[in-house]
Amino acid sequence: MTSITRHDWSFDEIKSLYELPFNDLLFRAQSVHRENFDPNAVQVSTLLSIKTGACPEDCKYCSQSGHYNTELEKEKLIEVEKVMEEARRAKQNGASRFCMGAAWKHPSAKDFPHVLDMVKGVRALGMETCMTLGALSPEQSAALADAGLDYYNHNIDTSREYYKTIISTRTFDDRLQTLANVRDAGIKVCSGGIVGLGENEKDRIGFLMELANLPHHPESVPINNLVKIKGTPLENVDDLDEFDFVRMIAVARILMPASHVRLSAGREEMNDQMQALCFFAGANSIFYGEKLLTTSNPLENDDMLLFSRLGIHPEEIVLDHDDQEHAPVPEQSSAFYDALSQ
Ligand code: SAM
Ligand code: DTB
Ligand code: SF4
């Protein structure tokens with residue numbers, strides 16, 4: 001048994017995993033993966049930006065920060081019906097979770113009721129729901145839980161030390177406070193971060209250590225590779241070595257054996273072989289659909305082809321929505337492959 005769930009990982013233990021010979025690391029990660037998951041199932045989520053740009057935060061990687069001139073077209077909070085249309089489309093194409101993101105520091109009292117309606121509408125389609133809206137109070141977290149929200153995404157992004165270099169309009173502890181509010185409300189947590197921000201190996205290890213030593217591991221851990229955005233301070237940062245990216249996935253898999261590790265932003269810049277290596281290292285979730293929030297993602301058909309070439313199938317969900325059947329969504333996997341044959 002190579003897989004133990006712990007919350008007391010030391011920096012040096014994680015460093016020695018990260019620095020293992022590549023094949024030893026991958027073997028270990030794949031062994032842990034097989035003890036906890038179907039090695040050929042990958043969870044499929046689709047993203048939608050429900051409020052775009054003009055964000056008051058100054059995240060140096062982001063196209064949506066109002067602090068940089070990224071030539072992004074801004075959009076106010078979109079209508080609930082528009083969200084429903086996109087969610088129906090995502091479901092038809094085989095996604096099991098619909099993730100909605102807003103470029104806010106936190107949701108306002110005016111916008112919040114619309115967001116609750118979006119959660120109720122999307123879950124009624126029989127999809128899992130996820131939102132990322134910035135900081136949440138305990139009351140907002142409880143209201144989202146009551147509306148039936150399954151997951152909340154709130155990334156810690158990088159190490160505590162490097163955080164200040166990347167974002168100055170909020171603190172690392174602010175992020176942890178929202179994660180605690182969400183967890184206390186009974187919503188599942190999605191939290192990870194970005195690599196390729198010019199951080200060093202110590203920061204990458206420190207970032208994974210923070211996630212692995214949370215009181216509960218996030219159920220979902222997105223690992224994003226920076227998509228460089230013109231006009232942001234990180235526009236010309238050096239690329240991360242691709243093997244270091246795979247190492248991050250593998251170490252995340254070992255540290256958080258029962259969590260879904262998501263191969264998130266940056267897939268468009270990766271070839272099929274690189275993505276296959278990430279799945280082997282323990283990634284078992286992707287964003288699927290031609291757009292992330294503001295940047296592009298691989299074409300749906302290319303993802304289906306890749307899954308089919310690798311013998312991977314989309315993970316079937318078991319909804320724990322108490323007003324719905326406690327059963328897998330039977331049409332989901334076939335929807336994914338039906339779309340391929342068209
Ligand atoms: N505004 C909300 C927040 O920050 O929590 C939610 C949306 S924000 C875009 C979600 C996450 O996407 C960020 O925390 C970051 O990890 C990731 N992200 C943003 N811009 C990115 C980029 N250019 N490349 C890779 N990942 C990015
Ligand atoms: C996460 O970790 N990655 C997603 C999601 N959570 C909200 C966002 C990726 C954004 C990539 C850049 C963009 O499209 O703007
Ligand atoms: Fe705003 Fe989120 Fe972008 Fe930061 S990452 S600027 S909080 S949208």
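One-based numbering, in listed order, for ligands and for the atoms of each.
Residue contacts with ligand 3 for C62 involve side-chain atoms from C-beta outward but no N, CA, C or O (heavy atoms, distance under 4.0 Å). Within the 4.0 Å heavy-atom criterion, the part of L47 lying near ligand 2 is the side chain and not the backbone. At a 4.0 Å heavy-atom cut-off, ligand 3 does not touch K60 at all. Under 4.0 Å from ligand 1, the heavy atoms of N155 that appear belong solely to its side chain. Neither the backbone nor the side chain of P222 comes within 4.0 Å of ligand 1, counting heavy atoms alone.
Those atoms of ligand 1 with a heavy atom of N225 less than 4.0 angstrom away are 25 (C). Within the listing of ligand 3, atoms 8 (S) sit less than 4.0 angstrom from a heavy atom of A103. Close approach of ligand 1 to D157 is summarised as follows: ligand atoms under 4.0 Å from at least one heavy atom of the residue are 13 (C), 14 (O), 15 (C), 16 (O). Close contacts between ligand 1 and A265 involve ligand atoms 25 (C), 26 (N) [criterion: under 4.0 Å to a heavy atom].
Considering both main-chain and side-chain atoms, L293 never comes within under 3.5 Å of ligand 1 through any nitrogen or oxygen pair. For T294, a nitrogen or oxygen atom sits less than 3.5 Å from a nitrogen or oxygen atom of ligand 2, counting backbone and side chain alike. Of the N or O atoms in S264, none lie within a sub-3.5 Å distance of an N or O in ligand 2. Checking only distances, N153 never comes within under 3.5 Å of ligand 1, N or O to N or O. By the 3.5 Å distance cut-off applied to N or O atoms, V227 is not counted among the residues near ligand 2.
Under the 6.0 Å distance and 45° angle rule, R204 does not count as a cation-pi partner of Y18.
Comparing T295, T70, D157 against atom 12 (C) of ligand 2, the shortest heavy-atom distance belongs to T295. The closest heavy-atom contact to atom 4 (O) of ligand 1, among the options R175, Q64, M100, H154, comes from R175.
Considering only heavy atoms from C-beta on, P233 stays 4.5 Å or farther from H67 through its side chain.
Proximity of A102 to ligand 1 is established by a heavy-atom distance of less than 4.0 Å. For the ligand labelled ligand 2, residue S63 lies inside the 4.0 Å heavy-atom shell.
Relative ring orientation between H7 and H217 is described as tilted, the plane-to-plane angle lying within the 30° to 60° band.
For atom 4 (Fe) of ligand 3, the closest heavy atom belonging to the protein is C59 SG, 2.3 Å. In this structure, atom 11 (C) of ligand 2 lies nearest to the protein heavy atom A265 CB, 3.9 Å.
Between R160 and D173 there is a salt bridge, with a side-chain nitrogen of the basic residue lying less than 4.0 Å from a carboxylate oxygen of the acidic one.
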